[in-house]
Protein chains: 2
Amino acid sequence: MIKLYGMTGSGNCWKPAVLMKQLGQPFEWTEINTLKGETRTPEFLALNANGRVPLLIVNGRKLAESNAMLCYLADGTDYFPADRWQRAKILEWMFFEQYSHEPYIATVRFWVHFMQKQEEWKDKIAEAMKKGHAALGVMEQQLQKTSFLAGARYSIADIALYAYTHVAHEGGYDLNAYPAINDWMKRLEAQPKFEKMTG
Amino acid sequence: MIKLYGMTGSGNCWKPAVLMKQLGQPFEWTEINTLKGETRTPEFLALNANGRVPLLIVNGRKLAESNAMLCYLADGTDYFPADRWQRAKILEWMFFEQYSHEPYIATVRFWVHFMQKQEEWKDKIAEAMKKGHAALGVMEQQLQKTSFLAGARYSIADIALYAYTHVAHEGGYDLNAYPAINDWMKRLEAQPKFEKMTG
């Protein structure tokens, strides 16, 4: 049985969970509360030296990094096709997500939604939001041209970017200026066995 | 002919260049000076909406994100083997690099080495360095157990992490506390056709 350690409400943890549901891959979820320091205990650090969730355990072997999990789990399926160039374009979006999107969109949501710092950290939030909007602008441009991020077909790149885009408003982001992103989110939500994040 | 747009002295740009040299893959380098805003011109933004180098052009098709390039270029070689689990572990390190390592190690080097902000931004640098040392600690732990990051063999994960580790001292990082990292860097430098970054 595949085990997934994760926190409800974390987009990074939602990614491998939704993909396994779509693939019909059974797994066991273990709730880890990062807000209570549960990723920094000696027991957890022995599983993942980087002290983060999600963490995937497959036959006793450990895998960290949500997007590496998506690649592993989707291997051999239409969500991560074998074509070399197509794979490269999917990976391009996934690295974009972790470098140019998540640090500004997930982080602002964390500060506002979980830590309630909207007033205290106003300037810092405004600064991060500029970069978050730049990332949304890059997505919008692509989605004006293609139905999904890496082209005509739904892939793990879409799961990776949907994770924090669909809850960006919880950090105060206004997505009204991004019609192609809004249409794309509806297309994702219509995919077989797709489930939005809860919590 | 493969084209690579990059800036000399950028670790992210060095990654695909060194791999192509190791693979014997000819390519044409176009120098782009990000410090002079050359990634934000309308001409460059038409090539990469995210306004960054490196950018790889293969038969007229564009690929951004240095680590996506490594995966594409190494596909079918020993540097990115076909085994599904092995690939996942290599990708794990590459996502770790972009999320937990580069933003603290490359960024501090940029502030200090290129922008000369070591005094003015002292507090901000000290804050970022804590996270940089945490990333180096995770690498050190792994390299005490295995010769290369993803196991017994050299892979694109090692190229991705060497990029900014071997110039971390230019940002003021002291690597003396990381003997396994220092030994690993020597093993990388002994790989066939391996070239350190210049500039």
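In what follows, every chain begins at residue 1, and chains take the letters A, B, ... in the order their sequences are listed.
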(message) Angle between ring planes, Tyr178(B) versus His133(B), binned at 30° and 60°: parallel, tilted or perpendicular?
(response) parallel
Evaluate side-chain contact (heavy atoms from CB on, under 4.5 Å) for Ile2(B) paired with Asn59(B), printing each intermediate quantity in order.
-> CA-CA 7 Å; Ile2(B) 290 183; Asn59(B) 300 326; over 6 Å; no
Interface check, chain A: of Ala68(B), Pro103(B), Ser66(B), most non-hydrogen pairs under 4.5 Å belong to Ala68(B)
### Query
Is a side-chain donor-acceptor pair under 3.5 Å present for Gln22(B) with Tyr154(B)?
yes
Practice task
Specify whether His166(B) and Tyr162(B) have parallel, tilted or perpendicular ring planes, treating 30° as the upper limit for parallel and 60° as the lower limit for perpendicular.
Solution key: parallel
| request: State yes or no: are the ring centers of Trp14(B) and Phe194(B) separated by less than 6.0 Å? | output: yes
Looking only at Trp93(B), Trp85(B), Tyr99(B), most heavy-atom pairs under 4.5 Å shared with chain A are made by Trp85(B)
From the list Leu91(A), Leu73(A), Asn48(A), Asn67(A), the residue making the most non-hydrogen contacts under 4.5 Å with chain B is Asn67(A)
If one checks every heavy atom of Met94(B) against chain A at 4.5 Å, the contacting part turns out to be both
Checked Ser100(B), Ala134(B), Cys71(B) vs chain A; the most non-hydrogen pairs under 4.5 Å come from Ser100(B)
If one checks every heavy atom of Gln142(B) against chain A at 4.5 Å, the contacting part turns out to be neither
Looking only at Gln98(A), Glu65(A), Glu102(A), the option with the highest number of non-hydrogen pairs under 4.5 Å against chain B is Glu65(A)
In terms of heavy-atom pairs under 4.5 Å with chain B, the winner among Gln141(A), Lys62(A), Arg61(A), Arg52(A) is Arg61(A)
**Prompt:** Can Lys89(B) and Asp83(B) be counted as an ion pair, charged N to O under 4.0 angstrom?
**Reply:** no
